[in-house]
Structure formats: structure tokens, C-alpha cells
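Let me begin by presenting the structure, written as C-alpha cells, before commenting on it.
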Amino acid sequence: MKKTISCLSFAILGIVFLLIIGLVGYQTISGRNLELGSKAWLLTSQVRVILTADRFRGQQDGLFNNIIFVHRSVGKGMLDQGKLRETLTASGFQVWDQGYRVEGLWDPAGNNTGLTYFIPGDNTDPDGLYELFMQTISSIPINGLSELFLHDVIIIKSCFTVSDIGDDAKLEADKQYYRAISTVMGQHPEKLFILLTQPPRNPAETDAASARRARELASWLVSDEFIQGHANIKVFNLFDLLAEPDQSPADANTLRTNFRNGTDSHPNDAGSLAAGQKFAEFVIQAASTYQADYSAK
């Protein structure tokens, strides 16, 4: 089997090489800028992931200790100022993570691998996650979802822009995307999925109605209507941790005063530390609980 995968991987590499050569020729003749540098990097990155898949792969032994954390800038704050990687590593986890595509994939030692997982459109909003989870899962990591499936624990956090919910139709559309995602997750009990609700906005960058809908989405995501009774889906309410809980003031459901840095929606160091440590506790408990349930089956 490994020999077959290796041969196929080299065949893919050859196809990619020929494709790049052809595109370079077309760009030269046509004079059109096809942004080949970024496209070639993405293609070669995916091939290199295929060729070295065992480097990323979890043990598939029910221990649920190999993590991939797909995040954005708030997630980076949790990793860095929040000491998330260090805390989880000390508890026996291997933490791989990826923020924006250009930032690439980082290994458990905190080093940039020079590679990137192919998240469609570099989009972790509900519509982007829907596109990701509708991909075909292959034992050879030929797309973004198959790359994430190299790991035992798949953690996903969207950006605070998801809290920009301008009307009820947008709120319902986001729920529909998440329902479809939940269905796919539930079909794979060999994986533990941990979803973080989206962070809140700074009150300077939102309005009361959007902030209220953002809390409604976060509250819905921790409900069984989203989880659908699937034991392998856990949801951490990051929104609730970071957002003003009192519903009476004008800044209700926005980033808490003590976690703000001016008008920026990114939490300050105190917010990142609180989020990182609380989430580390959540992951440790979720993995331990699911490991026991999975082993008992």
C-alpha cells in the first residue's frame, strides 16, 4: 500500500511540474499575470504534504493526542500570549497549527514547516468551512479536508468577522452551513472535532443588532441542535468568554472592556491569556472524555 501511495505521489508531482511549466509558457506568451508564484507554492506544498504525510499523521490509535488547530489572528494570540501550545504540549499533545495561508503550517515545536494546508479560499467563515467539509476525504491528502484528517483532533476557529451578522437571513444561512458541517463530522467518530464559537467584535466595529445575532449564533453552536448528539463534536464558547455578558449596556455582546485594546477587535494580552488557558483546559477534558468513550466501544 505504501509503495502504491509513493508511486502515485511522484506521479502527482510530475503532473504538477508539467502544469507549472505549461502555465509559465502561457503567461510568457499571453503577457497575463497568472500569479504563478503563489499558485506554484500551493501546488508544491500539497505535493510535499502528500510525500511526507507520515510526518503529520496521528497514530490512529485512539489516543487523540495529535492536534491540528486551524485559526486566525485571535487564535495566534491564544497560542502565543495565551500559552496554548505550551500548556497542551505539557499534557502530552502534539499541536500543529495554521493561521492564514501565507503564515503556513507550524509544527509541535513551534517551527514553520514551509508548507500550508489547502483551506479553500483561505476562508474559515461558515461558507468557507462548508466548502471545506464538502470535500471528498482521501487516504492520500489531496485536498484540505484530507490534510486535516491526517490528525486525530481537528480544531477550527473562525475569525471575529463571523460576528458581522447584518440580518436574520444571514444568521439562518450561517446555521445552515454549520448543520451540514456537523453532519459530516458526526460521520467520522474516529476523529474528535472541536469547534470554537467566533470571537466578538469591538463595539467600535459593530452595532447592537449584529452583536446580538452574534451571541445567538454562538449560543446555538453549543446547543444540541448543532451538535446533533454526536459525541465526537465539542464546542468551546469563545464568544461567551470574551464578550460583555450584561445585556443592558450599549456594548452588550461585544468584546469585554478589560479585554480591549482601543478600537481593535483582537483581544489584548489579558484576553488572549484567559482564552488560551481556558481553552487548553477544555481540550484536555474533551480529549480525555472522548478517548474513554471511544475506547469503550
Is the side chain of Asn268 donor-acceptor paired with the backbone N or O of Asn261 at a distance under 3.5 Å, no angle test? no
Sorted by chain and residue number, the salt bridge (charged side-chain N to carboxylate O under 4.0 Å, His left out) partners of Asp127 (sequence neighbours excluded) come out as none
Within the distance-only criterion (no hydrogens, no angle test), does the side chain of Thr183 pair as donor or acceptor with the backbone N or O of Arg179 below 3.5 angstrom? yes
Taking C-beta and beyond as the side chain, do Arg256 and Pro245 meet within less than 4.5 Å on heavy atoms? yes
Do Asp264 and His266 have side-chain atoms, one donor and one acceptor, less than 3.5 Å apart? yes
For Arg72 against Gly99, the heavy-atom pair lying closest together: NH1-O, 3.1 Å
Between Ser210 (side chain) and Thr206 (backbone), is there a donor-acceptor pair under 3.5 Å? no
Using the six-membered ring wherever Trp is involved, compare the ring planes of His151 and Phe56 and label them parallel, tilted or perpendicular (cut-offs 30° and 60°). tilted
Just by distance, do the side chain of Lys191 and the backbone of Phe149 share a donor-acceptor pair under 3.5 Å? yes
I want to check something: taking the side chain as every heavy atom from C-beta on, are Asp174 and Leu171 in contact at a cut-off of under 4.5 Å? no
In terms of relative ring orientation, are His71 and Phe69 parallel, tilted or perpendicular, with 30° and 60° separating the classes? tilted
Any sub-3.5 Å donor-acceptor pair from Glu103's side-chain atoms to Tyr100's backbone N or O? yes
Assess, by modelled atom type and distance only, whether the side chains of Thr263 and Glu205 contain a donor and an acceptor separated by less than 3.5 Å. no
Is there a donor-acceptor pair under 3.5 Å between the side chain of Thr113 and the backbone N or O of Leu105? yes
List the atom of Lys157, the atom of Pro199, and the distance in Å for their closest heavy-atom pair. NZ-CG, 4.1 Å
Decide side chain to side chain contact (heavy atoms under 4.5 Å, CB included) for Val49 and Leu150; before the verdict, give the C-alpha distance in whole Å, the side-chain angles of both, and the deciding distance to 0.1 Å. CA-CA 10 Å; Val49 170; Leu150 292 172; 4.2 Å; yes
Can we say Lys170 and Asp167 salt-bridge, meaning some charged N sits less than 4.0 Å from an Asp/Glu carboxylate O? no
Please report the shortest heavy-atom distance between Gln94 and Pro108, naming the atom on each side. CB-CG, 3.9 Å
Arg85 to Phe93 six-membered ring, cation-pi geometry met (6.0 Å, 45°): no
Quick one, Phe279 and Ile155 - any side-chain contact, counting heavy atoms below 4.5 Å? yes
Return the minimal non-hydrogen interatomic distance between Phe64 and Ala287, and the atom names on each side. O-CB, 3.9 Å
Please check if the side chain of Ser272 supplies one atom and the backbone of Gln81 the other of a donor-acceptor pair under 3.5 Å. no
Any heavy-atom pair between the side chains of Leu132 and Leu148 that's under 4.5 Å? yes
Find out whether Arg57 and Asp152 are in side-chain contact, i.e. whether some heavy atom of one side chain is under 4.5 Å from a heavy atom of the other. no
Ignoring hydrogens and angles, state whether a donor on the side chain of Gln98 or Thr116 is under 3.5 Å from an acceptor on the partner side chain. yes
Would you say Arg201's side chain and Leu255's backbone share a donor-acceptor pair under 3.5 angstrom? no
Are Tyr178 and Leu221 side-chain neighbours, meaning at least one heavy-atom pair lies under 4.5 Å? yes
Got a sec, which residues hit side chain to side chain donor-acceptor pair (under 3.5 Å) with Ser158, two or more places apart in sequence or on another chain? none
Taking ring-ring contact (aromatic ring centres under 6.0 Å, His included) as the criterion, tell me which of Tyr177, Trp220, Phe193 meets it with Phe226. Trp220
Mind listing the side-chain donor-acceptor pairs of residues 212-219 below 3.5 Å, one per line with the distance, residues two or more places apart or on another chain?
residue: Arg213; atom: NE; partner: Asp168; partner atom: OD1; Å: 3.1
residue: Arg213; atom: NH1; partner: Ile165; partner atom: O; Å: 2.9
residue: Arg213; atom: NH1; partner: Gly166; partner atom: O; Å: 3.2
residue: Arg215; atom: NE; partner: Asn253; partner atom: OD1; Å: 2.4
residue: Arg215; atom: NH1; partner: Asp240; partner atom: OD1; Å: 2.8
residue: Arg215; atom: NH2; partner: Glu244; partner atom: O; Å: 3.1
residue: Ser219; atom: OG; partner: Arg215; partner atom: O; Å: 3.0

For the side chain of Asp125 and the backbone of Val162, is there at least one donor-acceptor N/O pair under 3.5 Å apart? no
Can you find a heavy atom in the side chain of Asn66 that is under 4.5 Å from one in the side chain of Val153? no
Taking Gln135 for the side chain and Leu145 for the main chain, is one N or O donor matched with an acceptor at less than 3.5 Å? yes
Between Asn143 and Ser146, a side-chain donor and acceptor under 3.5 Å: yes
Are Pro200 and Phe160 packed together at the side-chain level, in the sense that at least one heavy-atom pair is separated by less than 4.5 angstrom? no
